[in-house]
Engineer: 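Below you'll find the structure I mean.
The model shown is predicted, which means the values in this text are computed figures rather than measured ones. Letters A, B, ... are given to chains in the order of the sequence lines, protein chains preceding strands, and every chain is numbered from 1.
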4 protein chains.
Amino acid sequence: MKYDIKDKTLRKKGKERILWALERMPVLELVRKDFSRNKPLKGITVGACLHVTTETAVLALTLKAGGAEVVICASNPLSTQDDTAASLVFDYGIPVFAVRGENNKKYYQHINSVLAFKPQVTLDDGADVISTIHKQFYAGKFKEKYLPWGSTEETTTGVIRLRSLEKEGKLLYPIIAVNDAYTKYLFDNRYGTGQSTIDGILRATNKLIAGTVFMVCGYGWCSRGIAKKAQGMGANVIIAEVDPLKALEAVMDGFLVMPIKEAVKRADIIVTATGDINVIRKEHFALMKDKVVIANSGHFNVEIDTVGLQKMSKSVKEIKPLVKRFILKNNKRVYLLAEGRLVNLSCAEGHPAEVMDMSFANQALSCRFIVEKKGKLAKKVYKVPNFIDQKVAKLKLASLGVKIDVLTKQQKEYLQSWQIGT
Amino acid sequence: MKYDIKDKTLRKKGKERILWALERMPVLELVRKDFSRNKPLKGITVGACLHVTTETAVLALTLKAGGAEVVICASNPLSTQDDTAASLVFDYGIPVFAVRGENNKKYYQHINSVLAFKPQVTLDDGADVISTIHKQFYAGKFKEKYLPWGSTEETTTGVIRLRSLEKEGKLLYPIIAVNDAYTKYLFDNRYGTGQSTIDGILRATNKLIAGTVFMVCGYGWCSRGIAKKAQGMGANVIIAEVDPLKALEAVMDGFLVMPIKEAVKRADIIVTATGDINVIRKEHFALMKDKVVIANSGHFNVEIDTVGLQKMSKSVKEIKPLVKRFILKNNKRVYLLAEGRLVNLSCAEGHPAEVMDMSFANQALSCRFIVEKKGKLAKKVYKVPNFIDQKVAKLKLASLGVKIDVLTKQQKEYLQSWQIGT
Amino acid sequence: MKYDIKDKTLRKKGKERILWALERMPVLELVRKDFSRNKPLKGITVGACLHVTTETAVLALTLKAGGAEVVICASNPLSTQDDTAASLVFDYGIPVFAVRGENNKKYYQHINSVLAFKPQVTLDDGADVISTIHKQFYAGKFKEKYLPWGSTEETTTGVIRLRSLEKEGKLLYPIIAVNDAYTKYLFDNRYGTGQSTIDGILRATNKLIAGTVFMVCGYGWCSRGIAKKAQGMGANVIIAEVDPLKALEAVMDGFLVMPIKEAVKRADIIVTATGDINVIRKEHFALMKDKVVIANSGHFNVEIDTVGLQKMSKSVKEIKPLVKRFILKNNKRVYLLAEGRLVNLSCAEGHPAEVMDMSFANQALSCRFIVEKKGKLAKKVYKVPNFIDQKVAKLKLASLGVKIDVLTKQQKEYLQSWQIGT
Amino acid sequence: MKYDIKDKTLRKKGKERILWALERMPVLELVRKDFSRNKPLKGITVGACLHVTTETAVLALTLKAGGAEVVICASNPLSTQDDTAASLVFDYGIPVFAVRGENNKKYYQHINSVLAFKPQVTLDDGADVISTIHKQFYAGKFKEKYLPWGSTEETTTGVIRLRSLEKEGKLLYPIIAVNDAYTKYLFDNRYGTGQSTIDGILRATNKLIAGTVFMVCGYGWCSRGIAKKAQGMGANVIIAEVDPLKALEAVMDGFLVMPIKEAVKRADIIVTATGDINVIRKEHFALMKDKVVIANSGHFNVEIDTVGLQKMSKSVKEIKPLVKRFILKNNKRVYLLAEGRLVNLSCAEGHPAEVMDMSFANQALSCRFIVEKKGKLAKKVYKVPNFIDQKVAKLKLASLGVKIDVLTKQQKEYLQSWQIGT
């Protein structure tokens, strides 16, 4: 079996952690039982470019239970859990191509290693596989017959990229935007990113959040999750936004809203989660307070201009793992976490299993949907079908032991009537 | 001039209050200035069936400034501010047909009084005017030539009714669902209903919210606004829902979620805001704690089965204005606020001017949109055009003195590109 | 029977409201039952200088049930509920000397009317009765034999005054500082003042709190209650303090802390609750934003320099009840609520019955304590005895249906041992 | 130099982390500068029994800067950071006796190793040194002339033990209860324990807090800190208490309050922080939900009856570091963190440096106070003198860049006067 991982001897710790995740993903467990019985993915190769974490391992086992061959590469050079990778290869026989800290060249080699398996379905987290395929195809280096039947995409960032591709009329096969499932983005982005971003900052710095001025760039689902949790930990939160609607929501939610140039003068901690490039840049570094902590929770490490920061500094030192101290020429100290890569995966363990449970149930069920609808879907970016969303929500509630009401017959009729008024 | 109001002598207090609202609606003020210059509604009659409050008065003055003749009736028998009505008629020359506490027959007479003016545009809040027109039309009692060019609808409840009408293929002219503007439902429903519901309960009961178990039926935009503010006042909040997705959000937001039958056993205060009928009914009253307070914030007074409550009671007494005490046969006391009509308008003053500022700017601009697009819109329920939404948000931020960032050229390009990845 | 009230015809509404309060004060109800049986206050005259509200009425009925003759005057010229006063006189035979809006001269005449009854115990709320007695005594106008056996004091402000008196060695008889009971200041000041201040602002202005910058002067028990509820309603809260410890707590609780001069530049709403004089003064008015709302929740109307404000203004008008608009010479508008008197009592109904239930149970039990300990207490300011505090807490929990644990024998022993360690 | 540590080679990582803490403790930095100049501890030996963390290292360096010889042992067998210990010995020449995971026998040997240095002042965290001295003294094994001049105590738990000792009349020398400084217990206990407990749970389990039922035993300063942060992370929090006053506060703060036996049926996560023994015991384990997570944040590992849990289980396994899974005979799974030892120190890094900054500034200044007052203090448990508390608060505010107001002359006079009233 081909693979490329860091260290085989880590498999024991990896398996232990995978088993811990297995106990915490009850929705995926129900899907796995169903897949085991019905083998809906029989004969299919699934190429997954995801963060190589224990939760991804549980998804891989679920797909495998459904009959698929699964091959995995990392969706981020810094998020791979090497122990999980080792266990996947040696305990579960799943080829993995991922080494924590791999460079960009190796990163794309690994994507190509997965493509060498000729997957019918790919799962993406940031759209790097899909864009690799498209680039190669338009360069004449990818044969049409090997194009996947369809792909899923996990992130806001990836979906933005894919809609651009669709808009240009260049999309080659159907995409299921798993990110846009309600049971994904309303939960994973908000509660998952919220908690794990705080978690990453705490593990990296052990800094007291209470009493800090905590600035969040963006007020989308991820960023508002971060803002709320930071406030919940006692921070005074400032929001920077470019969209007037979201900015207004932030104001009404009780946050201070101001342009980045103003906010950075006050901030003790700065987190970006916008999906855009150079959000924090040289003009901002110049205005910051001494000892500011900066981190990114957006998918790509482009939100903070780390190159610019380097140029403005007279001294750069990694003072502890994943904390790099830049001493600017104005003598202010800036602490950058995880090189500006996503702090929740780099400094903590990423989203908790409980929330990935829902996101990955959407992945597994969307994967089956692509297989079942082979040839019937257009070259478009699709939403996750509503029946999948509803199913995931119901299974999750059940797993939490929460019961809810159902509408009476009279209530259903009332909602469908336009005649009954005052 | 025709009109039907309670008491002319109230005009002084009414004018005073309208002037107070005028100082607090800066977005509508900007719209009004524009309308004054350009007279986009010249020659148009606008029939408005809205809560007759000071904010509605400011909207009416805005439409009038745009050249329209405006005629008003109430959209709820219990929400009319008689002083505002008096001032509108005698200070501003706007015909009003609304008397607080009018019965249902009078309520519909007033709607017909407005229709007698043959409005080209109607503004609705609950869809009673639109449904009256449709019922009369299909009964052969409303001439086609007098059908409005279009109508707006302010509420979730009304939009649900109108989508039913559209679905049945019976919609006679285009509707702009003002409720569905982001700058309306994300703000008015959430922050406006949230605050004013608490306000209504406080004015009616002066009850300490801190330490109560506060049950909210629904977790839509209105109900989650109520839940958040109740929590903000120190209550322990329980949510009842029928939609698994919303129920799951409530759980993740930290609320207890359970079926109504369980929740009513624990609740000290119960508020409904679902848009549906008989949400709280006999089977629930039987389980309630002594001294429970019940109120409704949904549009219609159908959410609480007050008739059923009456039947179960051995004693009923209005112990103070808008607080009716039912002593059940099991000796438990139930305090019903405002007869189950919307507590925020009946017991307090409805949404604050600051939030109606946005909703009614949407109304005014949608009204102009209908006039400008005369004959070009289909018989459909339309969203508010995005340019209106954006405009309202920007004006509101400006009025609050909040500045936000704009994307750089590089950032805009990045968002449109699919090629740049890891 | 002597009395001085506004209007006898208001008694019906007053009684209705007193009955409503009676249903909501379960702790006092239990005390009343006990007092009825044991008549611990037989033959005693109690002179109460309290806000004349329905809750005070329930306290008066409790003392009367204990055998006392009760006489009441107002502790604030603007907080009297004239209907409650009417009912107390004509339904319950309790002499009341209080007219809402009375001037300062009349206010002190009413205090003297109460003293004419020669009370053995006085209840004070701001220490005006005690200070009147002391001033008269030291001026040779109050006979020693008529000095009360003891007095209670309800407020932080009053206790500060009385400790000054004690420190100067001039205190003439024992004081029970009801304010300092845990079951008083931790609840009444924090939850009661917090809610009722928001309530007062809402009733006076109907302003949307969400999205405002809400400045609170002080971070004592009252002011932090206000801050928390304002935040709960969606405001962005700024704290001004003079005590470094409290300021630091405010910072760690996530609030912005800054000097008043900075804060007033940003505030949309300003509330004072410090117990001190001229907290907001000319130098501050000059810096305020247009349309700022100012209110006071401290006991006395000295916290806002209303005279200074008047002098800086070119126009002053009461634009609606209890809202006075000052147009400064710089054209900024300042809205002052209730003339700077306590906004919760002037614009709303004061503390909810549920929280006064605890404070006034302390009053009633302290009153009995003074009678029982006649001649045995020194001329000091005493805390409420701990057994009273514990009793009130237990009764309140029981009335809320909340059960708690008790320590096991082993646990009690463990807490008393110093030997058991790691 | 004598010492007992785990591994010399860890010194590099330890030093790196100590330097990181040094950058984050600005108050202690100011004290250190002052100590360096004035050498107030010259010739003194200080024996410190504290958690061996980087913050303790900064304190030790501060005391050393003041001229003291410092000797350190651990105050908990599981909280030692072995790298910090190594650096203290080899980089800073400070004897340390502490090995993470040491058994109880070794733990007390280490305390005796410190006592062998004959310290004039001891610093305690849980009172184990003080109680060792007292036990030895009363057993005739500790010479009177070697009794310390005084000691400080850092924790609530320790102060409770020492007050028992004082009450029994057996206290041998003065104690400064550093725990009771406002700048300690209001901050360290509330914000420090609050955050670090959440942090410990996240690092051990990576569990999603949002949507869980999170039960906290106790509502003292530590436990309410935990409750607030858990709520801030999205949990639904239940409080168990034995004190009616604290229980009532919890109710009014919006938490559910119920006896432990009820609460454990609902809880997903249980944390104890009471200072008492066997808070969670066999009768409770029997009622728990499947997959419950249990942790302790109280000082000693006695709050959870781990022996009883063991006996009820048919399988026990450490499924990942610091997470032990007990499968009960009823097949429910219970996950116990860190063997029931304090989760914030065992699973995370303890209190953040920013909060220990204040606690340890109190320690350093109290240490100097003991030396300066040698022979003048009674055999009592003293509060930290107010001037120290105020000094720490002011230095901390300054380090945060927060400015506050000062009272005007008029305001000071007003607060001291009893004559000015309504």
Side-chain angles (χ1 to χ4, degrees), chain C residues 75-77 104 107 126-128 131 134-135 160-162 164-165 168 182-183 186-187 190-191 240-242 244-245 247-249 251-252 257-260 262 275-279 300 302 389-390 393-394 396-397 400 402-408 410-411 414-422, chain D residues 75-77 104 107 126-128 131 134-135 160-162 164-165 168 182-183 186-187 190-191 240-242 244-245 247-249 251-252 257-260 262 275-279 300 302 389-390 393-394 396-397 400 402-408 410-411 414-422:
Chain C
S75 63
N76 186 295
N104 245 39
Y107 176 81
D128 280 344
S131 99
H134 280 72
K135 284 178 193 166
I160 290 173
R161 293 178 79 191
L162 294 169
S164 297
L165 196 58
E168 290 187 22
Y182 290 117
T183 46
L186 286 180
F187 296 87
R190 196 161 32 157
Y191 308 104
E241 246 300 341
V242 294
L245 268 160
L248 204 48
E249 275 188 282
V251 169
M252 295 290 175
V257 175
M258 61 183 75
I260 296 182
E262 289 308 310
D276 210 340
I277 196 168
N278 285 336
V279 177
F300 290 119
V302 299
D389 230 344
Q390 289 283 320
K394 279 179 189 165
K396 190 70 183 179
L397 280 176
L400 289 165
V402 175
K403 291 194 183 65
I404 62 174
D405 287 298
V406 288
L407 294 178
T408 63
Q410 184 198 32
Q411 290 178 325
Y414 180 83
L415 289 184
Q416 278 148 23
S417 159
W418 59 272
Q419 305 221 20
I420 311 167
T422 297
Chain D
S75 63
N76 186 296
N104 246 40
Y107 176 81
D128 280 346
S131 100
H134 280 73
K135 284 178 193 167
I160 291 173
R161 293 178 79 191
L162 294 170
S164 297
L165 196 58
E168 289 188 23
Y182 289 116
T183 46
L186 285 180
F187 296 88
R190 196 162 31 158
Y191 308 105
E241 245 300 340
V242 294
L245 268 160
L248 203 48
E249 275 188 282
V251 170
M252 294 291 175
V257 176
M258 61 183 75
I260 296 181
E262 288 308 310
D276 210 339
I277 197 168
N278 285 336
V279 177
F300 290 121
V302 299
D389 230 345
Q390 289 283 320
K394 280 179 190 166
K396 190 69 182 179
L397 280 176
L400 289 165
V402 175
K403 291 194 182 66
I404 63 173
D405 287 297
V406 288
L407 293 177
T408 62
Q410 184 198 34
Q411 290 179 325
Y414 180 83
L415 288 183
Q416 279 148 24
S417 159
W418 58 272
Q419 305 221 21
I420 311 167
T422 296

Engineer: Can you tell me how far the CG atom of C:L165 sits from the OG atom of D:S417, to the nearest 0.5 Å?
Structural biologist: 9.5 Å

Engineer: With the side chain counted from C-beta on, respond yes when D:L400 and C:L248 share a heavy-atom pair under 4.5 Å apart, and no when they do not.
Structural biologist: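 Yes; the side chains approach each other to less than 4.5 Å.
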
Engineer: Using the side-chain hydrogen bond (donor to acceptor under 3.5 Å, both in side chains) criterion, which residues pair with D:D405? Sequence neighbours excluded.
Structural biologist: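 side-chain hydrogen bond (donor to acceptor under 3.5 Å, both in side chains) list for D:D405, sorted by chain: empty.
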
Engineer: Let's test your reading of the structure: which of D:I404, D:V406, D:I260, D:N278 forms the most heavy-atom pairs below 4.5 Å with chain C?
Structural biologist: D:I404

Engineer: Is chain D contacted by the side chain of C:N104, its backbone, both, or neither, given a heavy-atom distance below 4.5 Å?
Structural biologist: side chain

Engineer: Checking D:Q411 side chain against C:I277 main chain: does a donor-acceptor pair fall under 3.5 Å?
Structural biologist: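 Checking the backbone N and O of C:I277 against the side chain of D:Q411, a donor-acceptor pair under 3.5 Å is found.
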
Engineer: D:Q410, D:E262, D:M252, D:H134: which one forms the most heavy-atom pairs within less than 4.5 Å of chain C?
Structural biologist: D:M252

Engineer: Taking side chain as everything from C-beta outward and backbone as N, CA, C, O, which of these in D:L407 sits under 4.5 Å from a heavy atom of chain C? Side chain, backbone, both or neither.
Structural biologist: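 Contact with chain C involves both backbone and side-chain atoms of D:L407.
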
Engineer: Count the heavy-atom pairs under 4.5 Å between each of C:G275, C:P244, C:A127, C:A240 and chain D, then report the option with the highest count.
Structural biologist: C:P244

Engineer: What part of D:E241 gets within 4.5 angstrom of chain C, counting heavy atoms only: side chain, backbone, both, or neither?
Structural biologist: backbone

Engineer: Tell me, for D:Y191 versus chain C, whether the close heavy atoms (under 4.5 Å) come from the side chain, the backbone, both or neither.
Structural biologist: side chain

Engineer: Okay, side chain of C:R161, backbone of C:G126: is any donor-acceptor separation there less than 3.5 Å?
Structural biologist: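 Flag set: sc C:R161 to bb C:G126 pair under 3.5 Å.
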
Engineer: Tell me which of these, D:L415, D:V402, D:V257, has more heavy-atom pairs under 4.5 Å with chain C than the rest.
Structural biologist: D:L415

Engineer: Side chains of C:N76 and C:Y107: do they bring a donor and an acceptor to under 3.5 Å?
Structural biologist: no

Engineer: Under the side-chain hydrogen bond (donor to acceptor under 3.5 Å, both in side chains) test, which residues partner D:E249, sequence neighbours left out?
Structural biologist: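 Listed in chain order: C:R190, D:R224.
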
Engineer: Taking side chain as everything from C-beta outward and backbone as N, CA, C, O, which of these in C:T408 sits under 4.5 Å from a heavy atom of chain D? Side chain, backbone, both or neither.
Structural biologist: side chain

Engineer: Relative to chain C, which of D:T183, D:L186, D:L245 shows the most heavy atom pairs under 4.5 Å?
Structural biologist: D:L245

Engineer: Which residue out of C:S164, C:A247, C:P77 racks up the most heavy-atom pairs below 4.5 Å with chain D?
Structural biologist: C:S164

Engineer: Side chain, backbone, both or neither: which part of D:E168 has an atom under 4.5 Å from a heavy atom of chain C?
Structural biologist: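 D:E168 touches chain C through side-chain heavy atoms alone.
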
Engineer: C:Y182 and C:F187: which non-hydrogen atoms are nearest, and at how many Å?
Structural biologist: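 Taking every non-hydrogen atom into account, O-CD1, 3.3 Å.
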
